[in-house]
Each structure stands twice: as structure tokens, then as C-alpha cells.
Amino acid sequence: MDILIRPETAADHPEIFQLHALAFGQENEGKLVDLLRQDDCFIPELSLVAIQNEEIIGHIIFIKIEIVRPDGQKTESLALAPMGVLPKYQKSGIGGMLIHAGLAMAKDLRYQSVIVLGHKDYYPRFGFEPAEKWEIGTHYEVPSEYFMGLELTPGALSEVKGIVEYSAPFSQI
Ligand SMILES: CC(C)(COP(=O)(O)OP(=O)(O)OC[C@H]1O[C@@H](n2cnc3c(N)ncnc32)[C@H](O)[C@@H]1OP(=O)(O)O)[C@@H](O)C(=O)NCCC(=O)NCCS
């Protein structure tokens with residue numbers, strides 16, 4: 001399988017929307033991606049598409065977030081949110097390729113850590129661990145094992161201890 005992974009371009013936007021609609025079976029995630037692009041949290045280099053035969057078969061986006069301590073001190077981090085692979089290409093490694101490529105690019109861009117709210121049996125294989133390990137929490141009411149973190153720089157989350165604040169688009173969907 002010949003797969004190219006590259007940052008999205010403006011021409012990709014409709015196809016990315018459609019991809020998420022098919023992957024998730026609803027339009028919310030595509031709408032969220034459209035809103036994230038308009039927000040300060042958007043990082044163009046970290047919205048990546050996987051392409052095979054000129055078709056976009058997977059998409060992943062990492063956006064800027066802040067982890068806020070009780071004393072108000074803020075630490076910048078990234079959130080992986082959301083990612084999708086076209087149903088007929090799932091379970092063939094595309095999601096893994098997108099995560100590896102995204103984490104490598106995030107590291108190149110000098111980001112220190114990544115947070116994800118997602119499948120507890122999927123993300124640990126890429127090194128994510130429950131964020132409660134670092135006393136990092138979320139306003140979302142989810143079982144703690146679904147809310148995970150990963151250090152791109154060893155020790156990056158060790159002193160952070162706070163609540164993840166997502167940008168406005170997350171409360172608009
Ligand atoms: C989750 C998703 C992005 C993974 O992409 P993918 O290309 O299928 O993943 P990979 O091929 O790299 O990995 C496949 C593995 O992930 C596992 N996996 C896929 N979806 C999973 C889920 N919902 N929960 C747990 N594991 C899952 C598969 O069982 C498979 O495991 P195996 O390697 O032991 O057989 C893709 O399945 C998808 O788009 N799903 C619908 C949208 C979604 O749920 N997005 C994630 C939101 S957090």
C-alpha cells in the first residue's frame with residue numbers, strides 16, 4: 001500500500017469533512033474540524049491527511065490546549081482531536097501511521113506533550129497513559145482511562161497537575 005502523509009491544504013477541506021462523516025457516522029467531528037481551523041488553537045502543520053491513489057483515506061488533527069493549575073498557571077500542550085479513517089481502510093495501519101507522523105511533527109515543532117480523550121485500548125499502543133498519572137483532569141465526565149497523556153519530552157507533564165482547557169469550538173458542537 002503506497003500511502004502519502006502530508007499537511008492538509010485548503011482544497012482538502014470538503015473531503016476531510018466527508019471522511020469524518022463516514023468514519024464517525026455523523027457530521028459533528030467534521031464540523032468541529034471546520035471550526036478549529038478558524039481558531040487560534042489551529043496549527044496548520046499538525047492537520048495531516050493520509051492519501052492513497054489521490055484519495056484522502058485518513059485525517060488527524062492536533063490542536064493547542066492549555067493545562068491550567070489551581071493557582072491559574074498555564075502550561076501549553078496539544079490535544080489529538082479528532083482523527084478518522086475511511087471505514088473500508090480501517091484496521092490496516094493508517095490510523096497508526098497518522099499518529100506516528102503527527103507525534104514526530106509535533107516533536108519537531110517543539111511541543112512537549114499531547115493529551116487525548118479516546119479509545120482506551122487504542123492509544124496506549126502509541127505510548128499514551130491515563131492522564132491521572134500526572135494529576136491532569138478534564139471537565140468532561142468520562143472514565144479516567146479514556147483521558148490520556150503522552151510526554152514528547154521526558155518529564156514534560158511531571159509538574160503540570162491541572163485541568164485541560166479546550167478552545168471554544170469544543171463547546172460549540
Ligand atoms: C480509531 C481509528 C482512527 C483507528 O484507525 P485505523 O486505521 O483503523 O487503526 P490502525 O489500523 O492503526 O489500528 C487498528 C487497531 O485499532 C483498533 N481499534 C480501532 N478502533 C478501535 C476502538 N474504537 N477501540 C479500540 N480499538 C480500536 C483495532 O481493533 C485494531 O486493533 P488490532 O491492531 O489489535 O487489530 C479508526 O478506526 C476510525 O476512524 N474509527 C472511527 C472514528 C473514531 O472512533 N475515531 C477516533 C476517535 S478517538
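Counting starts at 1 for both ligands and their atoms, following the listed order.
- Checked by distance only, ligand 1 and Gly118 stay at 3.5 Å or farther apart across all their nitrogen or oxygen atoms.
- Distances below 4.0 Å separate heavy atoms of Gly84 from the following atoms of ligand 1: 39 (O).
- Taking distance alone, with nitrogen or oxygen atoms compared against 3.5 Å, Asp121 stays at or beyond that limit from ligand 1.
- Residue Tyr146 does not touch ligand 1, judged by heavy-atom distances below 4.0 Å.
- Residue contacts with ligand 1: Pro82 is excluded, as none of its non-hydrogen atoms falls under 4.0 Å.
- Among protein heavy atoms, atom 44 (O) of ligand 1 sits closest to His119 NE2, 2.9 Å.
- Residue-level proximity to ligand 1 for Arg125 is carried by the side chain, the only part with a heavy atom below 4.0 angstrom.
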Candidate pair Leu86 and Glu55, rule side-chain contact (heavy atoms from CB on, under 4.5 Å), full reasoning = CA-CA 10 Å; Leu86 284 181; Glu55 181 187 22; 3.5 Å; yes
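- Given atom 48 (S) of ligand 1, the protein heavy atom at minimum distance is Tyr123 OH, 3.2 Å.
- Residue Phe24 has no nitrogen or oxygen atom sitting less than 3.5 Å from a nitrogen or oxygen atom of ligand 1, judged on distance alone.
- Closest of all the heavy-atom pairs between Trp134 and Glu129 is CZ3-O, 3.8 Å.
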Given Leu35 and Phe170, is the side-chain contact (heavy atoms from CB on, under 4.5 Å) satisfied, shown in steps?
-> CA-CA 9 Å; Leu35 290 171; Phe170 284 88; over 6 Å; no
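- In terms of protein heavy-atom proximity, atom 11 (O) of ligand 1 is closest to Gly93 N, 2.6 Å.
- Residue Lys64 places its NZ atom among more than 12 non-hydrogen atoms of other residues, nucleotides or ligands, all under 6.0 Å distant.
- The protein non-hydrogen atom at the shortest distance from atom 38 (C) of ligand 1 is Gln90 NE2, 3.3 Å.
- Residue Met83 has at least one N or O atom closer than 3.5 Å to an N or O atom of ligand 1.
- In this structure, the protein non-hydrogen atom closest to atom 17 (C) of ligand 1 is Tyr122 CD1, 3.8 Å.
- Looking at Ser171, its side chain does come within 3.5 Å of a backbone N or O of Ala168 through a donor-acceptor pair.
- In terms of protein heavy atoms, atom 29 (O) of ligand 1 is closest to Lys91 CE, 3.6 Å.
- Of all the listed residues (Ile99, Val85, Leu117), Val85 holds the heavy atom that lies closest to atom 39 (O) of ligand 1.
- With a heavy-atom cut-off of 4.0 Å, Ser92 touches ligand 1 through its backbone alone.
- Other residues, nucleotides and ligands place more than 12 heavy atoms under 6.0 Å from the CG atom of Asp71.
- Atom CD of Glu159 has 12 or fewer neighbouring heavy atoms from other residues, nucleotides or ligands inside a 6.0 Å radius.
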Take Tyr146 and Tyr140 through the test ring-ring contact (aromatic ring centres under 6.0 Å, His included) and record every step on the way to the result.
-> CA-CA 11 Å; Tyr146 289 82; Tyr140 293 109; over 10 Å; no
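- Open room surrounds CG on Asp40; 12 or fewer heavy atoms of other groups in view lie less than 6.0 Å from it.
- Here the protein heavy atom with the shortest distance to atom 12 (O) of ligand 1 is Gly96 N, 2.8 Å.
- Shown here, atom 35 (O) of ligand 1 is out of close reach of the protein: none of its heavy atoms lies under 4.0 Å off.
- For Ile94 against Gly58, the heavy-atom pair with the smallest separation is CG2-CA, 4.5 Å.
- Under the 4.0 angstrom criterion, atom 19 (C) of ligand 1 counts as lacking any protein heavy-atom contact.
- Taking each heavy atom of Gly149 and Ile115 in turn, the nearest pair found is CA-CD1, 4.0 Å.
- Glu66 places no side-chain N or O within 3.5 Å of a backbone atom of Glu165 that could act as its donor or acceptor partner.
- Protein heavy atom at the shortest distance from atom 41 (C) of ligand 1 is Ala23 O, 3.4 Å.
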